[in-house]
Amino acid sequence: MIALLIILSFLGLCLCAFLIWFFVTRARGVCPFCAMKKIFIPRKITIHPSDFEDYAAPVQKPVMGWSSWNTFRQNINEELILETARAMELSGLAAAGYEYINLDDCWQSSLRDESGKLQGDFSNFPSGIPALIARLNARGLKAGLYTSNGSLTCEDLPASLGREATDAATIAQWGAEFFKYDFCHNSPDSGFTPPIEALDFSAPGEKPFACLGAADARYSGMARSIADAKLPAGNAIGFLSYGAGKASFTVHCEKAGEYVLTVRYRKLRSRKNPYLLVRINGKIFEVFFPATKAPSPTGRAQAIVELQAGENEIELSNPIRNRSDAAFLQYARMGRALQTATRGKKPIVFSICEWGFHRPYLWGKKAGNMWRTTPDIFARWVSIRAIYAHTIKLWRYASPGHYNDPDMLEVGNGTLSDEENKAHFSLWCMMAAPLVLGNDIRRFVKPDGTADTDNRTLQIVTNKALIAIDGDPLAKPAKRIKRGAVDVIARPLEGGDIALCFFNKYGGEKAARFDLNRLIDDAYFDLQQSSTFHSRELWTGEESTGHLLRVRVPRHGVKVFRIRTHSAL
């Protein structure tokens, strides 16, 4: 009986706490049930990415290049990068299509300059990053840089959250053509928006020409006017938080140009900075409110916005219901900053490195060109197999210019066997993944400056037939056709060809077979009925004819075929 009373008392306290929270939340102009959704759907995006424009950097195929992190981690310097660029040329990697030299974390100083701009480490990059990029470009190579979508990078150096426009402009001015944006030290934008008293529009230095309040708004969803005695107007726009609703206005402007939007709002205690998304004629602007403990009841926040001559449609909302929504908006923010910064300059390939936690394959093409599907890779077979197992399921999300990224290549690193290195490279090519080397490519060059063509790692990563499959213009990744100890995966190629791979995930050599006629019934491959298939294995060069492929696949190995359905190979 005593235990029952204790349980009932505890449940009663919980109910009282919930009711207090419920009514306090409503009084703040927030839908309680909308706020609760961030608990129950924390990693599923609720924003409609189709409402946003694509990040439009032109990318004809998955990027190919080299990145410093896997081998050198934080120990990089100007000399190492230039030696690597030289090795890229002398080894034949550049001729094979590897063109990017990417500086990962620790290229930057802990100090921004007097204008708040990033700058290179003074000791390790004495010539400065712009000069280094110019030297790489002079070799016909492209340069890539790195920061994080957080307050600091993963190695606790200056990062770009809240400084997107400044940092995008800096790397564009320097001439970088690749940008990796990590997720360390991230702080998500808040789904909470305080009650909005009014919107004022003015030219800089002038009085407002338009002042709009709760009575002027058109409401949708749960958004509505709420009474608030602490505001001069006595009412406010409420219930915008956590995707609850929207408020819309029409504003007349005499002349097109940039204007100051001042948002007057009710200050409410908040641990995180409140947020407001403003669409003006379909273009996105954002307003960030400070977290506050200030005693005064009202505050102001400003943004620079663009208005057109005549009528302008204004929409207020806060679509953030969970961390996935916040991640999308933050990466899309950097994508927009890069678009603005590269106008009239070289385009920048935008690499989203969010580790796959918030399903970036659902929204990545609206923010960047490629998106990490998993946490970091390691030079261990279990890591490669796990990344493959997750990424192979995401084939439907890639398209020309937008690619699943299972992380950098570990070919040649650690204790991976020759068969494991071949399988690793083949699987990445089958999945239309970026091919970014992570080993010390200086080892591919002999002391006399010639390529070490006997180097097995170099032979693997310069397999022309596999590279052609990776960069096929259709950009359709492989899908799994048959699952088992030996997976069968296949992808359609331009001109009606098919790439097909047998993958032995586990131990021991295994026999496998596959009837190619099974692909005819799969719309993904768009094959016509054919009496003859011509197949070529891309590691051995062996050729065969017929609809039935029979193979023996070594432990942790692959057999990869390019298959044509017409008479000539």
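Computed over heavy atoms, backbone and side chain alike; hydrogens, waters and symmetry mates excluded.
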Apply side chain to side chain contact (heavy atoms under 4.5 Å, CB included) to Thr153 and Tyr146, showing your working.
-> CA-CA 9 Å; Thr153 70; Tyr146 160 104; 3.8 Å; yes
Could you go through the salt bridge (Lys or Arg N to Asp or Glu O under 4.0 Å) check for Arg564 and Asp497 one step at a time?
-> CA-CA 5 Å; Arg564 296 182 178 175; Asp497 288 7; 2.9 Å; yes
Steps toward side chain to side chain donor-acceptor pair (under 3.5 Å) verdict (Asn404, Thr373) | CA-CA 6 Å; Asn404 294 312; Thr373 57; over 6 Å; no
Verdict with supporting geometry, Ser324 and Lys44, side chain to side chain contact (heavy atoms under 4.5 Å, CB included) | CA-CA 6 Å; Ser324 295; Lys44 183 177 181 181; 5.8 Å; no
List the steps and the verdict of side chain to side chain contact (heavy atoms under 4.5 Å, CB included) for Leu437 and Leu93.
-> CA-CA 10 Å; Leu437 302 172; Leu93 287 171; 3.8 Å; yes
CA sep, side-chain torsions, deciding dist, call: Lys479, Asp522, salt bridge (Lys or Arg N to Asp or Glu O under 4.0 Å) | CA-CA 11 Å; Lys479 63 183 289 191; Asp522 191 324; 3.1 Å; yes
Stepwise, does the side chain to side chain contact (heavy atoms under 4.5 Å, CB included) test hold for Ile377 with Ser383?
-> CA-CA 6 Å; Ile377 194 171; Ser383 173; 3.7 Å; yes
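A salt bridge links Asp487 with Lys505: the closest approach of a Lys/Arg side-chain nitrogen to an acidic carboxylate oxygen falls below 4.0 angstrom. A salt bridge between Asp189 and Arg333 is present, with a side-chain N of the basic residue lying under 4.0 Å from a carboxylate O of the acidic one. Here Asp440 pairs with Arg442 in a salt bridge; the nearest charged N to carboxylate O distance falls below 4.0 Å. Salt bridge absent: Lys61 and Asp472 never bring a charged side-chain N and a carboxylate O closer than 4.0 Å.
Not a single donor-acceptor pair under 3.5 Å links the side chain of Thr450 to the backbone N or O of Lys446. Put simply, the side chain of Asn369 gets close to the backbone of Phe350: a donor and an acceptor are under 3.5 Å apart. No side-chain donor-acceptor contact under 3.5 Å links Asn421 to the backbone of Ile460. A donor-acceptor pair under 3.5 Å is absent between the side-chain atoms of Ser91 and the main chain of Phe444, judged by distance alone. Of the possible polar contacts, none joining the Ser160 side chain to the Asn149 backbone as a donor-acceptor pair under 3.5 Å is found. Of the possible donor and acceptor atoms, none in the side chain of Asn504 sits under 3.5 Å from a partner among the backbone N and O of Val486. In terms of modelled atom types and a separation under 3.5 Å, the side chain of Trp363 and the main chain of His358 share a donor-acceptor contact. Listed for the Lys346 side chain is a donor-acceptor partner under 3.5 Å among the backbone atoms of Gly175. Asn517 places no side-chain N or O within 3.5 Å of a backbone atom of His547 that could act as its donor or acceptor partner. The backbone N or O of Val461 lies less than 3.5 Å from a partner atom in the side chain of Tyr98, making a donor-acceptor pair.
Contact of the Phe425 side chain with the Ile467 side chain is registered, since non-hydrogen atoms from C-beta on lie closer than 4.5 Å. In this structure, the side chains of Tyr55 and Gln339 come closer than 4.5 Å at one or more pairs of heavy atoms. Side-chain contact between Arg372 and Asp407: present, with at least one pair of heavy atoms (C-beta onward) separated by less than 4.5 Å. Side-chain contact between Asn70 and Glu410 is present, with at least one heavy-atom pair separated by less than 4.5 Å. Side-chain contact check for Ile489 versus Leu500: every heavy-atom pair is 4.5 Å or farther apart. By the 4.5 Å heavy-atom criterion applied to side chains, Asn102 and Trp66 are not counted as neighbours. In this structure, Ser535 and Thr545 have side chains that are not in contact, with every pair of non-hydrogen atoms separated by 4.5 Å or more. Counting only heavy atoms from C-beta outward, the side chains of Glu177 and Ile348 never approach each other to under 4.5 Å.
Residues passing the salt bridge (Lys or Arg N to Asp or Glu O under 4.0 Å) test with Arg518, sequence neighbours excluded: none. Applying the disulfide bond (SG atoms under 2.5 Å apart) criterion to Cys106, with sequence neighbours excluded, gives no partner residue.
Aromatic ring centres of Trp395 and Tyr524 lie closer together than 6.0 Å. Taking the ring centroids of Phe179 and Tyr181, they lie under the 6.0 Å cut-off. Taking the ring centroids of Phe328 and Phe52, they lie under the 6.0 Å cut-off.
Remark: Phe503 CZ to Lys559 NZ distance equals 14.5 Å, nearest 0.5 Å. Annotation: the span from Asp104 atom CG to Asp182 atom CG amounts to 7.0 Å, rounded to 0.5 Å. Rounded to the nearest 0.5 Å, atoms CZ (Phe125) and CD (Glu78) are 7.5 Å apart. Residue Ile441 holds its CD1 atom at 11.5 Å from CG of Asn455, rounded to the nearest 0.5 Å. Rounded to the nearest 0.5 Å, atoms OG (Ser351) and CE (Met370) are 3.5 Å apart. From Asp121, atom CG reaches atom OG of Ser109 across 6.0 Å, with rounding to the nearest 0.5 Å.
Ser544 and Leu549 get closest at one heavy-atom pair: OG-CD2, 4.0 Å. What you find for Pro400 and Pro473 is that their closest heavy atoms are CG-O, 3.9 Å.
For Arg456, the CZ atom is densely surrounded, since the number of other residues' heavy atoms within 6.0 Å is greater than 12. Within 6.0 Å of NZ on Lys117 lie no more than 12 heavy atoms contributed by other residues, nucleotides or ligands. Within a 6.0 Å sphere centred on CD of Glu509, heavy atoms belonging to other residues, nucleotides or ligands number more than 12. Within a 6.0 Å sphere centred on CD of Glu53, other residues, nucleotides and ligands contribute 12 heavy atoms or fewer. Within a 6.0 Å radius of CZ in Arg139, other residues, nucleotides and ligands contribute more than 12 heavy atoms.
For the 3.5 Å distance criterion, the side chains of Trp381 and Ser417 fail to qualify, holding no donor opposite an acceptor. No side-chain donor from either of Gln459 and Thr453 sits under 3.5 Å from a side-chain acceptor of the other. A donor atom on one side chain and an acceptor atom on the other are found under 3.5 Å apart for Glu420 and His556. Gln330 and Asn186 are linked by a side-chain donor-acceptor pair at a separation below 3.5 angstrom, with hydrogens and angles left out of the test. One side chain, Glu537 or Thr540, offers a donor N or O that lies under 3.5 Å from an acceptor on the other.
In this structure, Lys422 forms a cation-pi arrangement with Trp539, its terminal cationic atom sitting closer than 6.0 Å to the ring centre and no more than 45° off the ring axis. Taking the ring axis of Phe378 as reference, the NZ or CZ atom of Arg380 stays within 45° of it and closer than 6.0 Å to the ring centre.
The aromatic rings of His402 and Trp371 lie parallel to each other, with less than 30° between the two planes, well short of the 60° mark.
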